[in-house]
Amino acid sequence: MAILGVSVTSESLESLKKSTFNSKRLVYSYSGTSTVDLENKVIQEFDIDSLINEFVPDEAKNECLSSDFYFYGGGWQSWGFGGELEPGSYRKPYIALIPQWLQYTNFPGKNPSKVFGKKSTDKKVLKGEFISYFRWGNTYLALCSSGRAYGEVLPPVRFYADRKSRKVLVTVYSDGKKWEDGEKISELTVFACSGFFNLKDSVKAIFGGTERERFESLKFLSSEKDSIKTCGWESWYNHYSYINQKLIDEDLESLGKTNNIIKTYCLDKGKPTVFQVDDGWEKALGDWNVWEERFPEGMTALASSIAQKGYIPGLWVAPFIIDWRTPVAKAHRDWILRDKDGKPIAAGYSDLWGAKNGPEQPAGKHSYFCFDLSNEEVLEYLDGLMDKIINVWGFRYIKLDFLFAGMIFGAYKNGGSGYEHYEKAINLITRRKVNNKGESVAYLGCGCPLEASFNALPLSRIGPDTKEAWDFDILAKVRWEGRPGALPNMESTLGHAFFDQSVFINDPDVIFLRYKNITLTDTEKELIALVDYMFASQLMHSDDPVDFDDAKDGVLTKHVTDLYEKFTGEEWGLVNVGRTGYMIFTRSRKYVGLINLGEKSLFVEKKDLLKTSSLGEERKLKAVVSHVSETKTSLSEEKHSISIFEVE
């Protein structure tokens with residue numbers, strides 16, 4: 001059912017025939033007199049069973065029509081949950097212990113008040129953004145917002161789904177957009193396919209994969225011929241923001257001398273390697289000048305010393321957010337985004353940024369704020385900042401963090417819609433693909449709106465921050481999906497696995513192999529290290545190389561490195577078993593395995609694992625990594641672990 005005021009045309013897609021049962025491209029245009037959207041615009045309602053009848057072949061229809069589905073919601077931005085919900089289940093809402101954090105995970109703009117006769121905030125309304133799918137066994141029915149794959153600037157899409165009525169509602173974040181008759185609003189690609197790799201191949205066919213021109217600028221980071229694999233070290237997950245020149249110099253000196261994984265797996269093999277300085281170098285959030293007391297020699301000298309050691313100099317910056325107390329904010333109050341009543345809009349909360357209260361805090365305690373990206377003076381400031389970082393200081397790998405703030409809706413100085421202002425700003429700050437010396441420059445997106453960013457930021461984080469602990473217990477209890485922790489990070493890394501080398505070069509965050517300042521077990525470290533290697537394409541490390549102990553750290557490091565070598569060239573797929581269990585397999589069918597992120601053992605029949613991997617039931621399994629109890633017919637995977645078997 002097309003919605004009043006929206007017209008839709010469709011065409012079949014021959015380009016997807018190799019990997020799908022059936023596919024269709026749907027184009028939505030505005031129809032009517034000129035008008036401004038006041039909330040997320042509804043463009044289409046689908047009946048799931050009608051889609052099954054249209055796209056799924058007869059032999060698979062009965063299972064799809066007669067049973068509930070796994071639902072995949074990809075998350076609005078990097079830190080939102082990206083993964084499947086098993087039949088009958090729903091995402092539990094965040095208990096807003098810190099209201100400002102709703103900005104991190106909530107789809108922006110004003111959501112429709114009612115969907116399927118319920119409030120759009122009802123916990124039984126399923127939500128997904130950009131790419132969503134329904135799965136029954138190995139059968140996938142997918143809906144993709146595909147217009148930006150062809151270079152068009154269109155508003156981000158949200159899918160609402162209802163298990164009871166078996167319907168899907170499609171909306172776009174176009175608040176503030178003035179539509180003209182005939183103007184294109186959105187484009188969707190709908191397809192059905194069988195198996196994880198056909199899902200990934202279909203998405204790659206739509207979005208272009210590493211063959212698409214947008215990945216070209218990343219090739220200097222990779223030594224691979226047929227894919228892009230990047231690696232490096234960063235300061236955050238050991239020092240956090242408490243860095244200084246002495247600490248960084250010591251890490252820089254030690255990284256290439258101790259037998260840490262960056263040396264043995266990257267440097268010794270001639271792989272281009274990043275050395276990234278994270279948060280803590282700057283005077284204040286939004287005051288992007290060096291903190292001289294910490295780095296007395298300055299940023300130019302720091303980047304130069306990194307380059308002289310043979311690394312690609314990297315630097316963290318959060319260009320769209322600012323502390324109200326900084327000189328920039330005080331001098332340019334009109335640069336900060338406000339609501340319709342003129343009040344500054346809090347972009348988030350951090351006890352490191354923003355006053356607790358008082359005249360220096362115009363919102364909730366420890367709030368920080370975002371720039372109004374419609375303001376040309378703001379864009380000039382941000383362009384100058386990037387020029388300074390790249391061409392004056394000499395950094396060539398720029399981590400752009402907290403980018404979601406650029407899509408927060410407010411009373412823009414120059415009117416219009418958030419997605420259009422974000423597009424202009426993100427293209428501006430990433431426009432330098434080489435520096436003034438002719439050297440290549442790359443950008444890592446983080447906390448970024450996935451659909452609005454994949455063209456400008458093909459290398460991006462695809463999950464919340466990890467942590468040197470399995471989970472952040474207090475934040476887990478209030479169900480904040482954007483919390484740092486190994487568990488939420490692994491869920492989204494696995495959930496976004498089919499994005500890798502197709503939509504993004506997936507950055508899963510860092511691996512941990514140390515024994516100091518950490519609570520992860522060796523089994524959990526092994527799990528994180530293998531998931532990051534097998535299901536993503538950036539390998540980053542943050543352990544302090546000064547503290548590397550060959551007798552202890554070296555054993556686990558060698559174990560992981562040997563596994564990386566063994567699995568070189570293998571492409572991995574997965575299928576969920578419940579919410580936190582996974583059957584995994586390679587495209588070559590040489591390896592299969594299990595991942596268990598849950599708190600209880602995961603039980604899987606061997607025949608189901610082999611069937612999911614398209615292998616015969618009589619094949620034997622030889623353990624490569626094993627944390628299972630095994631019987632003749634079944635496997636029981638222990639909690640927080642991964643097991644991998646070679647198929648004989």
Side-chain angles (χ1 to χ4, degrees), residues 214 216-218 220-221 232 234 248 274-292 294-295 297-308 311-323 326-332 334-337 370-403 405-406 413-414 421-448 452-453 455-460:
R214 60 194 169 88
E216 288 294 317
S217 64
L218 299 175
F220 80 100
L221 294 175
E234 59 135 303
I248 295 300
V274 171
F275 185 100
Q276 182 212 309
V277 180
D278 216 290
D279 184 17
W281 62 268
E282 74 282 7
K283 279 190 173 180
L285 182 74
D287 185 353
W288 304 110
N289 291 300
V290 65
W291 191 342
E292 287 111 342
R294 289 188 171 189
F295 292 91
E297 294 181 12
M299 301 307 284
T300 302
L302 179 59
S304 178
S305 65
I306 293 170
Q308 286 172 11
Y311 301 102
I312 298 164
L315 189 70
W316 173 93
V317 65
F320 294 162
I321 58 176
I322 190 166
D323 190 318
T326 59
V328 173
K330 288 179 178 180
H332 302 284
D334 60 319
W335 287 9
I336 295 175
L337 187 65
C370 54
F371 284 118
D372 179 346
L373 297 184
S374 77
N375 189 322
E376 290 296 330
E377 291 181 353
V378 169
L379 298 182
E380 288 177 16
Y381 169 73
L382 296 177
D383 191 44
L385 168 64
M386 299 308 296
D387 186 62
K388 178 173 70 173
I389 290 172
I390 294 166
N391 288 322
V392 178
W393 291 348
F395 291 95
R396 298 172 51 214
Y397 175 98
I398 320 301
K399 180 179 177 181
L400 301 171
D401 210 349
F402 291 82
L403 295 178
K413 177 183 178 180
N414 292 311
H421 299 316
Y422 181 86
E423 179 81 11
K424 185 175 181 179
I426 204 67
N427 285 336
L428 180 73
I429 66 173
T430 61
R431 69 186 178 89
R432 295 171 177 86
K433 300 300 189 285
V434 296
N435 62 18
N436 56 12
K437 296 179 181 178
E439 299 167 316
S440 294
V441 176
Y443 304 88
L444 168 67
C446 190
C448 62
S453 303
N455 278 320
L457 294 165
L459 173 63
S460 281

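Computed over heavy atoms, backbone and side chain alike; hydrogens, waters and symmetry mates excluded.
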Notebook entry, point to check: After noting the C-alpha distance and the side-chain angles of Trp316 and Glu234, does the key distance pass the side-chain contact (heavy atoms from CB on, under 4.5 Å) rule?
Noted result: CA-CA 10 Å; Trp316 173 93; Glu234 59 135 303; over 6 Å; no
Checklist line | side-chain contact (heavy atoms from CB on, under 4.5 Å) assessment of Lys388 paired with Met299 | finding: CA-CA 10 Å; Lys388 178 173 70 173; Met299 301 307 284; over 6 Å; no
Notebook entry, point to check: Would Asp383 and Arg432 count as a salt bridge (charged side-chain N to carboxylate O under 4.0 Å, His left out) if you check the C-alpha gap in whole Å, the side-chain angles of each, and the deciding distance to 0.1 Å?
Noted result: CA-CA 10 Å; Asp383 191 44; Arg432 295 171 177 86; 3.0 Å; yes
Next item on the list: Applying side-chain contact (heavy atoms from CB on, under 4.5 Å), run through Leu382 and Leu373 and close with a yes or a no.
Entry: CA-CA 10 Å; Leu382 296 177; Leu373 297 184; 4.0 Å; yes
Next item on the list: Apply side-chain contact (heavy atoms from CB on, under 4.5 Å) to Glu297 and Thr300, showing your working.
Entry: CA-CA 8 Å; Glu297 294 181 12; Thr300 302; over 6 Å; no
Check: Yes or no on salt bridge (charged side-chain N to carboxylate O under 4.0 Å, His left out) for Lys433 and Glu216, after CA distance, side-chain angles and deciding distance?
Finding: CA-CA 10 Å; Lys433 300 300 189 285; Glu216 288 294 317; over 6 Å; no
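Residues Leu457 and Leu400 meet the side-chain proximity criterion, which asks for heavy atoms closer than 4.5 Å. With a 4.5 Å cut-off on side-chain heavy atoms, Val441 and Phe220 do not count as touching. Between Arg396 and Asn435, some side-chain heavy-atom pair lies under the 4.5 Å cut-off. Looking at Leu221 and Leu459, their side chains come closer than 4.5 Å, going by heavy atoms from C-beta outward. At a threshold of 4.5 Å between non-hydrogen side-chain atoms, the residues Trp291 and Trp281 do not count as touching. A 4.5 Å side-chain heavy-atom check between Val317 and Lys399 finds every atom pair outside the cut-off. Contact annotation: the side chain of Met386 approaches that of Tyr443 to within less than 4.5 Å [non-hydrogen atoms, C-beta and beyond]. Side-chain atoms of Pro319 and Leu403, non-hydrogen and from C-beta on, do get closer than 4.5 Å to each other.
The two residues Gln276 and Tyr397 come nearest to each other via the heavy atoms OE1-CE2, 3.8 Å. In terms of heavy-atom proximity, Pro313 sits nearest to Gly394 at CG-O, 3.9 Å. Considering every non-hydrogen atom in both Ile322 and Phe371, the closest pair reads CD1-CZ, 3.7 Å. The minimum heavy-atom distance between Val328 and Gly286, with the atom names listed, is CG2-O, 3.8 Å. Pairing each heavy atom of Phe320 with each of Ala425, the nearest pair is CZ-CB, 4.0 Å. For the pair Pro458 and Leu218, the tightest heavy-atom approach, listed with the atom from each and the gap, is CG-CD1, 3.8 Å.
Annotation: the span from Lys413 atom NZ to Ser374 atom OG amounts to 7.5 Å, rounded to 0.5 Å. Atoms OG and CG, from Ser460 and Leu444 in turn, are 6.5 Å apart once rounded to the nearest 0.5 Å. Atoms CG and CG, from Asp401 and Asp278 in turn, are 7.5 Å apart once rounded to the nearest 0.5 Å. Atom SG of Cys370 and atom CD1 of Ile321 lie 9.0 Å apart (nearest 0.5 Å). Interatomic distance, CG of Asp334 versus CG of Asn375, reported as 6.0 Å (0.5 Å rounding). Remark: Ile426 CD1 to Cys448 SG distance equals 7.5 Å, nearest 0.5 Å.
A donor-acceptor contact shorter than 3.5 Å links the side chain of Asn391 to the backbone of Asn436. For Arg214 (side chain) and Ala456 (main-chain N/O), no donor-acceptor pair under 3.5 Å exists by modelled atom type.
For Lys424, the NZ atom counts as loosely surrounded, since its 6.0 Å shell holds 12 or fewer non-hydrogen atoms of other residues, nucleotides or ligands.
Looking only at atom types and distance, the side chain of Ser453 has a donor-acceptor partner in the side chain of Tyr422 under 3.5 Å away.
Separation of the Tyr381 and Trp335 ring centroids falls under the 6.0 Å cut-off. With ring centers used as reference points, Trp393 lies 6.0 Å or more from Trp288.
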